[in-house]
Q: 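This is the structure I have questions about; it appears just below.
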Amino acid sequence: MARLYNFLDQEVVFGEIVGDICLYNTRLGYDSSGTYFDSIKYAEDHGGLPSSDHSYHFYDESTGDHNPVFGIYFMYSGSKFRVGYKIRHYNSEQGYWDPYPSTDPLVMPWFDRYEGATPGNITEEDHFRNALYFTYINISSGPGAGQYTEGKIGYSLGHETDEGAPVEYPGVCTYELDDHVQNPNYETYKLTGGDSYYMFAYNGLQIDFPAFGGEWLATLATPINDFDEDDSIPAGGGGSYDFYSDPLGFSDLPGISIIDSGIATMWTPSPAQIQGLVNFLWSNDFFDNIIKLVADPLENIIQFGIVPFSLADYSGTAKKVMIGNVNSEVVMTPLTRQYIHVSLGSVKIPEAWGSVMDYEPNTKISIFVPYCGVFDMVASEVMNADSVELGYNIDLLSGDFIAEIKVNKHYPKGVHLNGLLYHKAGNLMTKLPLTGANYGRMYPSMLSGVAQTISGVGAGSLGSVAGGVANTLISSFSVPVERTGAYTGSAAMMGCEIPHIILSQPVQVKPARYNEFEGFASYITYKLSNLSGFTKCESVIDNTVSAPDDEKAEIERLLKEGVIL
Amino acid sequence: MTIKFYRISDDRRKVFKTLNASTLVKTATGNIKSDCSIMDPIIEMSFDIALLQCNYMYIEDFGRYYHITNIETGAQRLFVHAHVDVLQTYSREIVELTCVIERQQDPTKCDLYLTDKAFKSENRHIISIRKFSGSFHKAHASYVLTTGGRS
């Protein structure tokens with residue numbers, strides 16, 4: 001259902017059947033004594049406007065306000081009406097309503113003629129458009145009389161009209177104008193189409209209608225004949241022209257981790273330290289084996305792998321590694337963080353041609369994201385950007401990462417993009433088995449049983465992520481020397497580790513002095529005296545050459561074919 | 001009426017033709033043939049072989065410049081067919097016109113990002129690589145070991 005708003009930005013509810021007219025009375029304007037009612041001042045003094053009134057006469061008995069400040073208008077075109085809204089204001093110094101809207105009219109879309117309704121059978125949903133569509137005014141005296149002597153406002157439903165002129169509707173419900181009619185004088189003013197309209201101002205209702213004997217409808221931008229549902233109507237042009245772009249930086253890392261929970265400890269051991277741990281795990285000491293059988297140390301190896309960068313920046317103070325309840329006596333450097341951000345720097349992709357050749361479909365751009373692959377990029381998004389940055393948020397526990405590509409680019413008209421445009425997920429950890437021996441096969445039941453006896457670190461009691469990894473790792477022991485988890489991490493470790501842009505740029509072919517006889521696309525308005533050389537005009541804005549029509553036409557033709565200035 | 005005959009080599013599309021002493025061949029008098037338009041006049045001249053090499057003229061009485069489109073010869077007479085050169089005739093006013101320019105010679109007056117048939121390319125492309133300033137470093141790869149419990 002259509003909604004209109006008055007100048008205080010309050011919604012004006014059309015749809016209420018009030019007497020014969022479907023309108024809402026805002027009761028602004030004159031009061032009953034003829035004194036101008038300053039609605040804005042009233043609203044300021046009283047914190048709002050007077051309460052709404054749906055009285056039969058559009059008249060608030062309590063305040064006596066009944067002159068219009070806002071009004072609706074409609075334009076009739078064949079089978080449809082356009083309904084709009086205007087604001088007028090009273091010129092207290094001159095003592096009349098200003099003849100022109102104080103703001104541009106709010107033009108509503110065309111409303112379909114309501115086919116099915118009959119008097120007394122208006123659905124609530126269709127109140128507005130039906131009542132307005134069939135509202136008409138019949139005036140007994142002509143516009144030249146200067147006085148409004150008699151009139152009626154009514155509506156009729158379901159009747160056809162003759163295009164171009166209003167017709168009387170049989171069976172119309174009428175509303176006779178009465179003492180409440182205010183400001184009865186005709187006023188004429190121009191709408192945008194330039195046609196004259198006579199305006200009838202009545203209380204909260206202001207209706208523009210054509211002079212009788214003239215055209216029923218103003219000149220419209222849209223065709224007025226043969227309106228169908230598919231007919232195009234004027235649209236667009238009301239954009240905000242706001243191309244503001246919020247900055248969007250690289251994603252934050254999680255604030256908590258498995259390290260904080262105490263469920264697991266993460267290490268960045270040296271090869272020698274790993275060797276020491278292996279020696280501990282697989283030592284032949286009988287006493288050790290007894291301990292290991294009771295509390296299997298392998299149950300507590302949640303993850304072991306390689307990441308393709310130094311972790312020195314994330315290392316803590318070295319300490320002894322506890323494998324379950326067993327002190328391995330092996331000293332390692334613990335990691336202080338489970339999640340890290342790694343920047344892989346930035347790249348610039350300057351335009352090669354400085355033209356449309358640098359953009360699609362002429363130029364194609366791809367990016368190689370290490371441990372992820374090659375992906376297409378949209379040339380217009382990254383070409384000529386101040387920077388294209390690549391950053392990884394990495395989970396060192398699993399090796400999973402999200403690679404984010406941030407583009408910093410300035411566009412014309414002061415628009416600045418600085419945000420994430422691409423997000424790619426992958427895994428960069430090469431998962432390693434800690435041993436070739438199949439301990440899972442040797443002690444399956446014991447592993448399972450013992451694991452659950454280890455408080456807080458058994459496979460069944462680990463957190464969801466760690467638990468899953470632990471289970472995977474344990475099960476992998478059934479097949480010795482087998483990589484598990486993200487295979488891509490292992491394969492990618494052997495491949496390229498440098499992110500890079502792959503450009504496929506065209507080889508432009510341009511004959512020498514091409515611009516001197518063909519020029520380049522301009523589509524800019526210029527005074528010809530500011531140009532030189534070959535010039536082809538799309539149109540002449542105002543042909544003021546003082547020549548006979550034939551010569552004038554020839555000038556225009558030659559300009560459109562191209563001249564040399 | 002007085003007519004100035006020129007021999008010019010300018011492109012017909014040129015607004016300002018090269019009209020000076022070096023291109024002026026002859027100034028002569030002639031009569032306009034009746035029943036012809038001012039845009040396409042036919043001028044009757046006394047035979048003068050010098051006029052046969054002219055391709056441009058200015059009729060002072062008409063205040064117009066003309067391209068000579070054809071010259072017919074008769075008995076001791078020449079009939080010069082011409083078509084008005086509106087570009088030169090109204091050149092001063094034309095350059096004062098404001099237009100939406102479709103194509104222009106000067107690239108600085110153009111929007112080279114518009115789709116333009118002028119930009120043609122070969123089927124072969126140039127493939128190049130631009131590396132990011134950073135990378136991973138396998139040479140400094142690290143072990144990551146995760147053990148259960150707190151050590």
Q: Can you name the nearest heavy-atom pair linking K138(B) to Y371(A), along with the distance?
A: CG-OH, 4.2 Å
Q: Quick check on F520(A) against chain B: is it the side chain, the backbone, both or neither that has a heavy atom closer than 4.5 Å?
A: both
Q: Minimum heavy-atom separation for G134(B) and P499(A), please, with both atom names.
A: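 Heavy atoms of G134(B) and P499(A) come nearest at O-CD, 3.4 Å.
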Q: Shortest non-hydrogen contact from L396(A) to V144(B)?
A: O-CG1, 3.5 Å
Q: Tell me, side chain or backbone of S532(A) under 4.5 Å from chain B's heavy atoms, or both, or neither?
A: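 Contact with chain B is through the backbone of S532(A) alone.
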Q: As an exercise: rank A139(B), P107(B), S91(B) by heavy-atom pairs under 4.5 Å with chain A and give me the winner.
A: P107(B)
Q: For the pair Y143(B) and F304(A), name the ring-plane relationship: parallel under 30°, tilted 30 to 60°, perpendicular over 60°.
A: parallel
Q: Just by distance, do the side chain of R103(B) and the backbone of K536(A) share a donor-acceptor pair under 3.5 Å?
A: no
Q: Name the option with the most non-hydrogen atom pairs under 4.5 Å to chain B; the candidates are V307(A), I259(A), T363(A).
A: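 Answer, by heavy-atom pair count under 4.5 Å with chain B: V307(A).
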Q: Determine, for R64(B) against E551(A), whether the closest basic-nitrogen to carboxylate-oxygen distance falls under 4.0 angstrom.
A: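 Salt bridge: yes.
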Q: Considering only NZ, NE, NH1 and NH2 on the basic side and carboxylate oxygens on the acidic side, decide whether E518(A) and K117(B) come within less than 4.0 Å.
A: yes
Q: Can you tell me how far the CD1 atom of I564(A) sits from the NZ atom of K17(B), to the nearest 0.5 Å?
A: 9.0 Å
Q: Which is it for I129(B) and I501(A) under the side-chain contact (heavy atoms from CB on, under 4.5 Å) test, yes or no, and what are the steps along the way?
A: CA-CA 5 Å; I129(B) 287 175; I501(A) 297 290; over 6 Å; no
Q: Top residue by heavy-atom pair count (under 4.5 Å) with chain A, among S142(B), A141(B), A118(B)?
A: S142(B)
Q: Among I101(B), D116(B), D106(B), who wins on heavy-atom pairs under 4.5 Å with chain A?
A: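 When all of I101(B), D116(B), D106(B) are compared, I101(B) has the most.
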Q: If you count heavy atoms of other groups shown closer than 6.0 angstrom to CD1 of I49(B), is the number above 12?
A: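 No, because the 6.0 Å sphere around CD1 of I49(B) holds 12 heavy atoms or fewer from other groups.
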Q: Just wondering, do I524(A) and V100(B) contact through their side chains at under 4.5 Å, heavy atoms?
A: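 Not touching, per the 4.5 Å side-chain cut-off.
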Q: What residue, out of I555(A), V342(A), I502(A), has the most heavy-atom pairs lying under 4.5 Å from chain B?
A: I555(A)
Q: I'd like to know if the side chain of S546(A) pairs up with that of E93(B) as donor and acceptor (distance under 3.5 Å, no hydrogens or angles considered).
A: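 Yes.
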Q: Hey, what do you get for CD (E538(A)) to SG (C99(B)), rounding to the nearest 0.5 Å?
A: 11.0 Å
Q: Measuring heavy-atom distances to chain B, does P334(A) have an atom under 4.5 Å in its side chain, in its backbone, in both, or in neither?
A: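 It is neither, since no heavy atom gets under 4.5 Å.
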Q: In terms of heavy-atom pairs under 4.5 Å with chain A, which of R124(B), E122(B), Q104(B), H137(B) leads?
A: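 Highest number of pairs under 4.5 Å: Q104(B).
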Q: How long is the gap from CG on L503(A) to OG on S128(B), to the nearest 0.5 Å?
A: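 One gets 4.0 Å once the value is rounded to the nearest 0.5 Å.
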Q: Relative to chain B, which segment of D358(A) carries a heavy atom at a distance below 4.5 Å: side chain, backbone, both, or neither?
A: neither
Q: What part of K319(A) is in contact with chain B, defined as an atom under 4.5 angstrom from a non-hydrogen atom: side chain, backbone, both or neither?
A: side chain
Q: So does Q76(B) have more than 12 non-hydrogen atoms from other groups sitting under 6.0 Å from CD?
A: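 No, not enclosed.
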Q: Given a strict heavy-atom distance threshold of 4.5 Å, which part of Y113(B) is in contact with chain A: side chain, backbone, both, or neither?
A: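 For Y113(B), the contact with chain A is made by backbone and side chain together.
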Q: Show the nearest heavy-atom pair for residues L528(A) and I94(B), with the distance to one decimal.
A: CD1-O, 3.3 Å
Q: Would you say that more than 12 heavy atoms from the other residues, nucleotides or ligands in this model lie under 6.0 Å from the NZ of K131(B), or not?
A: no
Q: For S121(B) and M357(A), work out which heavy atoms get closest and say how close.
A: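 Heavy atoms of S121(B) and M357(A) come nearest at CB-CE, 3.5 Å.
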Q: Of the listed residues (G399(A), G495(A), A312(A), S366(A)), which shares the most heavy-atom pairs with chain B below a 4.5 Å separation?
A: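 Going by pairs under 4.5 Å, I would pick G495(A).
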Q: For side-chain contact (heavy atoms from CB on, under 4.5 Å), just list the numbers for I302(A) and T147(B), CA-CA rounded to whole Å, side-chain angles, deciding distance to a tenth of an Å, and then say yes or no.
A: CA-CA 5 Å; I302(A) 295 174; T147(B) 59; over 6 Å; no
Q: If you look at every heavy atom in G345(A) and F132(B), which pair is closest and at what distance?
A: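 Shortest heavy-atom separation between G345(A) and F132(B) comes out as O-CD2, 3.6 Å.
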Q: Does atom NZ (K348(A)) have a neighbourhood of more than 12 heavy atoms from anything else shown, all under 6.0 Å?
A: no
Q: H140(B), H125(B), E96(B): which one forms the most heavy-atom pairs within less than 4.5 Å of chain A?
A: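 Most heavy-atom pairs under 4.5 Å with chain A: H125(B).
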Q: Quickly, which of L432(A), T268(A), L277(A) forms a side-chain contact (heavy atoms from CB on, under 4.5 Å) with L145(B)? Name it, please.
A: L277(A)
Q: Sort out for me which of F517(A), W353(A), Y514(A) touches chain B most, counting heavy-atom pairs under 4.5 Å.
A: Y514(A)
Q: For atom CZ of R92(B), decide whether the heavy atoms of other residues, nucleotides or ligands shown that lie under 6.0 angstrom number more than 12.
A: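 Open: at most 12 neighbouring heavy atoms sit under 6.0 Å from CZ of R92(B).
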Q: Output, in order, the C-alpha distance, side-chain angles, deciding distance and verdict of side-chain contact (heavy atoms from CB on, under 4.5 Å) for L97(B) and K527(A).
A: CA-CA 6 Å; L97(B) 292 176; K527(A) 191 174 182 180; over 6 Å; no
Q: Answer whether the closest heavy-atom distance between the side chains of P350(A) and R130(B) falls below 4.5 Å.
A: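 P350(A) vs R130(B): side chains touch.
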Q: Taking it one step at a time, do T146(B) and W267(A) satisfy side-chain hydrogen bond (donor to acceptor under 3.5 Å, both in side chains)?
A: CA-CA 6 Å; T146(B) 305; W267(A) 311 88; over 6 Å; no
Q: If you count heavy-atom pairs under 4.5 Å with chain B, which of E351(A), R513(A), K560(A), K552(A) comes out on top?
A: E351(A)
Q: Parallel, tilted or perpendicular: which one describes the rings of F136(B) and Y392(A), with boundaries at 30° and 60°?
A: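 The arrangement is perpendicular - the two ring planes meet at more than 60°.
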Q: About how many Å separate CZ of F119(B) and OG of S355(A), when rounded to the nearest 0.5 Å?
A: 4.0 Å
Q: Heavy-atom distances under 4.5 Å only: say whether Q273(A) touches chain B with side chain, backbone, both or neither.
A: neither
Q: Side chain, backbone, both or neither: which part of D11(B) has an atom under 4.5 Å from a heavy atom of chain A?
A: side chain
Q: Counting heavy-atom pairs under 4.5 Å with chain B, which one of V545(A), L390(A), V321(A) comes out on top?
A: V545(A)
Q: With side-chain contact (heavy atoms from CB on, under 4.5 Å) as the test, would you mind laying out the steps for L558(A) and L87(B) before giving the verdict?
A: CA-CA 8 Å; L558(A) 291 173; L87(B) 296 179; 3.8 Å; yes
Q: Which one wins on heavy-atom pair count under 4.5 Å against chain A: E102(B), R13(B), K109(B)?
A: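 Greatest number of close heavy-atom pairs with chain A: E102(B).
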Q: Is R12(B) atom CZ crowded by more than 12 heavy atoms from other residues, nucleotides or ligands, each under 6.0 Å away?
A: no
Q: Is it the side chain or the backbone of Y359(A) that comes within 4.5 Å of chain B heavy atoms, both, or neither?
A: side chain
